[in-house]
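Down below is the structure, laid out as structure tokens.
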Amino acid sequence: MSSASRSNGSANAANRNDRGTNAASTTNHGSGTNTATVSDASRLIDAKIADLADWRGETLAQLRAIIRQADPDVVEEWKWGIPVWSHDGIICTGETYKNAVKTTFAHGAALDDPSGLFNSSLDGNTRRAIDFPVGTEIDAKALTALIRAAVALNTAQKAGGRRNRSAK
């Protein structure tokens with residue numbers, strides 16, 4: 001179960017992550033996390049979307065397209081059996097559950113969310129998430145703004161800046 005689900009407390013056996021991990025394409029680096037090369041990661045994400053073959057695959061594909069459009073320099077990774085998008089650090093993850101597709105922003109608590117997209121993992125001091133249940137229309141403009149704010153925050157942190165809400 002993801003850390004977002006653990007902190008949310010709403011995940012149960014019927015709403016567990018259905019991660020598809022291709023062990024031949026991933027490497028364990030001693031930390032218990034499976035990672036893949038960038039090209040392998042993109043193929044694993046493609047395969048995940050195709051394997052879902054339902055609304056969750058469509059939603060994950062839409063999220064991926066928005067993320068890639070919002071940050072053309074984004075790096076696709078495959079960690080913990082799920083898609084991860086990074087730029088100077090993790091921007092967000094893409095998790096699929098029975099009843100929702102979730103994108104968890106690694107430093108979401110430090111981002112302003114004027115459109116109110118964050119609807120999950122709201123109690124923690126670091127992460128924030130957005131659950132997309134079946135039939136949810138994605139607000140691409142608001143999600144793009146969050147992605148760009150997350151990239152700005154990561155870039156500022158990498159450059160030695162402190163994490164604060166000024167990366168909006």
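The analysis underlying the following values was restricted to heavy atoms, covering all of them including side chains, and did not include hydrogens, waters or symmetry mates.
We find the CD1-CD1 distance between Ile67 and Ile91 to be 7.5 Å, quoted to the nearest 0.5 Å. Note: Phe105 CZ to Ile90 CD1 = 12.5 Å, rounded to the nearest 0.5 Å.
Scanning all heavy atoms of the two residues, the minimum distance from Asn154 to Gly89 falls at ND2-O, 3.1 Å. Nearest heavy atoms, Leu60 versus Pro83: CD2-CG, 4.3 Å. Here the closest non-hydrogen pair linking Asn125 and Ala109 is O-CB, 3.4 Å. Pairing each heavy atom of Ser120 with each of Lys102, the nearest pair is OG-NZ, 2.7 Å. For the residue pair Tyr97 and Arg56, the shortest heavy atom distance occurs at O-CD, 3.0 Å. The two residues Ala61 and Ile49 make their nearest non-hydrogen contact at CA-CD1, 3.8 Å.
For the side chain to side chain contact (heavy atoms under 4.5 Å, CB included) with Ile130, the lone residue among Thr104, Leu146, Thr136, Leu63 that qualifies is Leu146.
Checked against side chain to side chain contact (heavy atoms under 4.5 Å, CB included), Ala65 has no partners two or more places apart in sequence or in another chain. The ring-ring contact (aromatic ring centres under 6.0 Å, His included) search around Phe132 returns none, not counting sequence neighbours. In terms of the side-chain hydrogen bond (donor to acceptor under 3.5 Å, both in side chains) criterion, residue partners of Asp46 (sequence neighbours excluded) are, by chain and number, Arg64.
A donor and an acceptor atom, one from each side chain of Glu76 and Trp85, are located under 3.5 Å apart.
In terms of modelled atom types and a separation under 3.5 Å, the side chain of Thr103 and the main chain of Thr93 share a donor-acceptor contact.
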